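Below you'll find the structure, written out as structure tokens, and then a few comments.
Predicted, not measured: the structure shown is a model, and the values here were computed from it. Computed from heavy atoms alone, side chains included, the values below leave out hydrogens, waters and symmetry copies. Order of the sequence lines sets the chain letters (A, B, ...), proteins ahead of strands, with each chain counted from 1.
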Number of protein chains: 4
Amino acid sequence: MDFNEHKPIYLQISDTICEKIIEGVLPSEERIPSVREYASTLGVNPNTVFRTYEYLESIDAIYNKRGVGFFVSHGAKEKIISLQKLQFMEKEVPAILKKMELLGITPKELFDL
Amino acid sequence: MDFNEHKPIYLQISDTICEKIIEGVLPSEERIPSVREYASTLGVNPNTVFRTYEYLESIDAIYNKRGVGFFVSHGAKEKIISLQKLQFMEKEVPAILKKMELLGITPKELFDL
Amino acid sequence: MDFNEHKPIYLQISDTICEKIIEGVLPSEERIPSVREYASTLGVNPNTVFRTYEYLESIDAIYNKRGVGFFVSHGAKEKIISLQKLQFMEKEVPAILKKMELLGITPKELFDL
Amino acid sequence: MDFNEHKPIYLQISDTICEKIIEGVLPSEERIPSVREYASTLGVNPNTVFRTYEYLESIDAIYNKRGVGFFVSHGAKEKIISLQKLQFMEKEVPAILKKMELLGITPKELFDL
DNA sequence: GTGGTCTAGACCACC
DNA sequence: GTGGTCTAGACCACA
């Protein structure tokens with residue numbers, strides 16, 4: 001896992017967890033690794049992982065049992081999908097279309113992929 | 001011009017200049033406004049505009065005639081387009097496709113726009 | 001460290017860092033001082049040191065671990081040497097030779113030093 | 001003639017004139033082109049050429065007949081050579097040697113050219 | 001007039 | 001704590 005990109009590391013970590021939830025690797029009520037453990041796995045600062053969990057908690061994707069750990073929320077998969085779908089459609093798509101127009105990329109050209 | 005987003009101002013300025021070059025508003029060899037002039041037009045600090053010009057010079061989109069000003073490079077339009085096209089195709093497209101697959105968005109769904 | 005010459009301070013700082021890398025004082029993966037720390041050591045403004053680091057990063061001599069600091073790149077020493085050697089051989093040497101010829105200085109005369 | 005380098009344009013112009021004097025193309029008492037004429041030949045601002053002449057006058061390489069033009073001084077060739085030789089030996093040579101040592105370039109390596 | 005460099009000091013996101 | 005961006009204002013060499 002590389003953290004070169006401009007996106008904050010804690011969000012990149014969040015993305016990989018979301019992927020796992022969507023793919024079913026992390027089902028509802030599954031425990032996710034502790035902050036410290038995951039941090040050492042990834043080779044990042046524990047604070048960073050904590051920020052990730054904090055964020056995921058804020059969107060109800062995971063919840064915290066005090067003294068026990070973090071767990072995937074009930075219905076997390078659906079929540080994440082609808083959330084990401086929404087912002088994909090409303091924010092990213094327009095930006096993509098504008099850029100394509102500017103660069104002279106036809107939808108066809110893209111569609112072939 | 002207002003600078004809402006998280007993107008640095010100097011890059012947003014760069015974007016608008018690139019757009020103008022692509023659209024042909026700024027043809028090759030055309031002089032672009034002086035650092036100070038453009039800064040006061042945009043209501044930003046001259047250093048910020050200078051940073052923009054420095055960046056654009058580093059990608060060969062503009063060049064400097066000493067004591068005179070900055071000018072659009074020969075072939076700037078093509079350079080910018082190919083540069084942006086490249087990174088759009090190689091970086092953004094894969095990310096988009098992956099996200100679409102993950103979220104279960106069909107190309108058709110997108111194509112209707 | 002005093003900055004007499006006409007050369008910009010940020011490049012003079014860059015030169016001293018490059019020297020340290022070449023001499024092995026700063027090996028690969030070594031952390032270099034933080035922007036602020038180095039600035040106060042040198043008695044210059046943090047922005048100036050930042051400019052130096054920005055430049056060194058642009059030539060792949062150092063890289064940034066976000067939130068941690070700057071580190072000497074893998075193979076930085078070789079990169080710097082080859083870069084400087086190249087421009088020494090291709091730009092400076094011809095100029096020197098031309099000047100020597102013009103001034104009537106024989107290679108022998110120079111060789112005695 | 002390109003003016004891309006870092007050296008001030010007026011000094012680059014001075015260099016070419018000095019070369020001509022040393023090579024004998026411009027002998028003593030020869031008239032050199034007027035500021036305006038030379039400026040338009042080179043495609044630079046007349047002020048720049050004037051700065052060159054001002055500089056050459058300050059080192060006694062040329063002199064001015066009011067209302068007539070600039071002329072190569074008597075003994076200009078010798079003056080220029082001794083001046084340049086001096087600063088070549090005292091300023092440039094040490095810098096070159098230091099750089100060669102740092103880059104690990106042996107005098108032999110250089111001597112082969 | 002032009003760019004280029006620098007200082008002082010601030011604010012921010014991120015680790 | 002780290003870098004990164006920005007403002008305000010200054011000074012300089014150069015064209």
Classify [X] by what it touches in the nucleic acid, base, sugar-phosphate, or nothing, heavy-atom distance under 4.0 Å.
X       : answer
D:Tyr10 : sugar-phosphate
C:Arg51 : sugar-phosphate
B:Phe70 : sugar-phosphate

Quiz prompt | DNA chain E: 5'-proximal contact among C:Gly67 and B:Val68 (nearest heavy atom) | solution =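 By nearest-heavy-atom nucleotide position, the 5'-most residue is B:Val68.
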
Quiz item: Want to settle it: does B:His6 or C:Leu11 sit nearer the 5' end of DNA chain E, counting the closest nucleotide to each?
Solution: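 Mapping each residue to its closest nucleotide by heavy atoms, the 5'-most match is C:Leu11.
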
Quiz item: Distance check: side-chain N/O of B:Thr48 vs OP1/OP2 of F:dC6, anything under 4.0 Å?
Solution: no

Exercise. Begin from the C-alpha positions of A:Glu19 and B:Leu102 and carry the test side chain to side chain contact (heavy atoms under 4.5 Å, CB included) through to its verdict.
Key: CA-CA 7 Å; A:Glu19 278 177 35; B:Leu102 200 65; 3.4 Å; yes

Donor-acceptor pair under 3.5 Å: do we get one between [X]'s side chain and the base of [N]?
X       : N     : answer
B:Asn47 : E:dG3 : no
D:Asn45 : E:dG1 : no
B:Arg66 : E:dT2 : no

Self-check item: Pair assignment for F:dA10, Watson-Crick or G-U wobble, requiring both distances under 3.5 Å
Solution: E:dT5

Practice problem: Please tell me if the side chains of B:Phe71 and B:Lys65 come closer than 4.5 Å, counting only heavy atoms from C-beta onward. | Solution: yes

Practice problem: Kindly check if the number of other-residue, nucleotide or ligand heavy atoms within 6.0 Å of NZ (D:Lys98) is above 12? | Solution: no

